Amino acid sequence: MSVSGTSPFYNQEHEDFRSQVRRFVEREIVPHIEHWEGAEQLPRELHRKAADAGLLQIGFPEQAGGVEVPDLFYMIVLTEELARAGSGGLIASLMSHGIATPPICHAGSAEQIARFAAPVLAGEKIGALAITEPSGGSDVAALKTRAVRDGEHYVVNGSKTFITSGMRADYITCAVRTGGEGMGGISLLVIEANTAGFSRSPLQKMGWWASDTASLYFQDCRVSVANRIGPENMGFMAIMMNFNQERIMLATQAWAFAKVCYEDSLAYARERQTFGKPLIRNQVIRHKLADMKMRLDAVKAHLDILAWRVSHKQMPVAEVCLLKNHACTALEWIANEAMQIFGGAGYLRGSRVERIYRETKVLTIGGGSLEIMKDLAGKQMGY
Ligand SMILES: Cc1cc2nc3c(=O)[nH]c(=O)nc-3n(C[C@H](O)[C@H](O)[C@H](O)COP(=O)(O)OP(=O)(O)OC[C@H]3O[C@@H](n4cnc5c(N)ncnc54)[C@H](O)[C@@H]3O)c2cc1C
């Protein structure tokens, strides 16, 4: 029985949705994932197929073509099932609309939602979120990319880096400086990839290979004022709200990939023979597996409680930061133990455990690093 299957937070509808996602993953992803990892990007048609299967729309408003669901547990089930393909890059890139599109749906006009959110949720276009700059990602309020008003346009100059789906994105939800220094001078603009003066280059990474990650460059890009999401200089709050959601989803990914590591190690320990008996007949290996399960279940309980609170319109910022750290450090520990149980076989390319092990670090850095999460949680709690 799955960990989530034992939880009171999940009902038959979640389980029916799980079966639907599982079939999609087995049919459309698992046979191709090795190829996409090598190609360092996903085919665009996968977005269309995922939309046709109803996966991209979950949790988004109907106005944008989304499917409204009563709680976050649908997103957890979706992530858990996508993680069975054993590729964090797949989730990051296929689901990059999950960070790019919410600000448009929350703060955008009906016209902006129809233009920029609906085609992405339909799998026809690809969205990316561009906050981080070469000068630093942790200090969001210090971002430098400048947008200067010129009549009915902004003229944008600057650059972004580490942008997920950045090479393929059609619409980039981009944080720019329209005002003075600090958090009060930031706005969000949707920059279309065909804008004159926009260019990009790919970045090669330790993990998340299936995700195209890019540096983006804006040189005198003229972007219509109609592409600004929400009021001028009010973008920082939208970015922070988006981060909360992103952090819960990154914690979910960490838990889901830790679960894959645990399940694969357990199967391997049962099958692998050393010294004339299955590996699992050694107490030291059983203890490793028991410790992995203990941490996995602790993270899941933590995740489910916060998912329930967020589903009930609470936004426990400090707790979400700590959840992200809890889940990501548990993944690091569990992936490390999984590699040890696999021995040399774990070091070879091609297994889920090998890939997940390479992908642990991005979760402790992206969307707010361990250090920044602790500090923000502390401040929120009045330390
Ligand atoms: C694969 C990948 C995909 C990404 N996708 C996106 C994306 O789609 N969109 C996007 O906008 N960004 C994206 N990012 C960027 C990511 O969010 C940043 O890497 C992250 O916010 C950290 O910023 P930085 O790398 O510039 O590190 P820095 O801010 O330079 O920090 C470096 C180190 O110093 C620590 N540090 C910094 N300040 C302090 C402090 N005050 N006290 C203690 N420690 C501190 C940090 O914790 C970190 O460990 C992605 C990153 C990666 C690796």
Side-chain angles (χ1 to χ4, degrees), residues 37 40-42 87-103 120 126-145 158-177 186-191 193 200-218 229 235-236 238-247 249-251 253-254 257 321-322 324-325 328-329 331-332 355-356 358-379 383:
E37 283 279 313
E40 299 191 2
Q41 63 175 19
L42 302 177
S87 163
L90 169 99
I91 298 184
S93 201
L94 182 61
M95 306 305 283
S96 62
H97 68 285
I99 52 176
T101 310
V120 171
I126 293 174
L129 177 73
I131 310 282
T132 306
E133 302 193 345
S135 56
S138 301
D139 189 2
V140 174
L143 64 86
K144 294 185 167 68
T145 295
S159 60
K160 299 284 175 182
T161 194
F162 301 134
I163 306 308
T164 298
S165 292
M167 288 307 292
R168 297 175 310 141
D170 304 290
Y171 301 138
I172 298 147
T173 308
C174 189
V176 293
R177 184 160 302 284
I186 295 172
S187 301
L188 286 178
L189 291 182
V190 176
I191 302 183
R200 46 191 163 186
S201 57
L203 296 167
Q204 290 201 306
K205 311 180 297 298
M206 174 182 183
W208 276 18
W209 291 355
S211 172
D212 53 304
T213 308
S215 289
L216 313 180
Y217 311 97
F218 309 100
I229 304 299
F236 190 78
I239 294 170
M240 288 301 124
M241 281 172 60
N242 212 37
F243 269 141
N244 286 322
Q245 191 82 7
E246 180 181 7
R247 285 165 190 159
M249 294 325 300
L250 291 172
Q253 281 183 46
F257 285 116
C321 293
L322 297 180
K324 180 175 184 285
N325 283 2
C328 295
T329 51
L331 171 62
E332 283 188 304
R355 195 182 300 133
I356 292 169
R358 278 191 284 108
E359 293 180 339
T360 55
K361 264 293 152 205
V362 66
L363 294 177
T364 62
I365 294 169
S369 65
L370 278 181
E371 294 79 6
I372 297 300
M373 291 298 85
K374 276 186 210 174
D375 215 41
L376 179 56
K379 283 180 185 148
Y383 295 173

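The structure presented is a predicted model; accordingly, all values stated were derived computationally and were not measured. One-based numbering, in listed order, for ligands and for the atoms of each. Heavy atoms only: backbone and side chains are in, while hydrogens, waters and symmetry mates are out.
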Tell me every residue that passes side-chain contact (heavy atoms from CB on, under 4.5 Å) with K144, counting only those two or more places apart in sequence or in another chain. E133, S135

From the list E37, E359, R355, side-chain hydrogen bond (donor to acceptor under 3.5 Å, both in side chains) partner of S87 resolves to E37

Taking side chain as C-beta onward, heavy atoms only, is D212 less than 4.5 Å from S93? yes

Residues that K205 engages under side-chain contact (heavy atoms from CB on, under 4.5 Å), provided they are two or more places apart: W208, T213

Excluding sequence neighbours, so at least two apart, what forms side-chain contact (heavy atoms from CB on, under 4.5 Å) with E332? T329, T360, K361, T364

Would you please write out the protein residues whose heavy atoms approach any atom of ligand 1 to under 4.0 angstrom, listed by chain and number? I99, L129, A130, I131, T132, G136, G137, S138, F162, I163, T164, K205, W208, V362, I365, G366, G367, S369, E371, I372

For residues C174 and K160, determine if any side-chain heavy atom of one lies less than 4.5 Å from a side-chain heavy atom of the other. yes

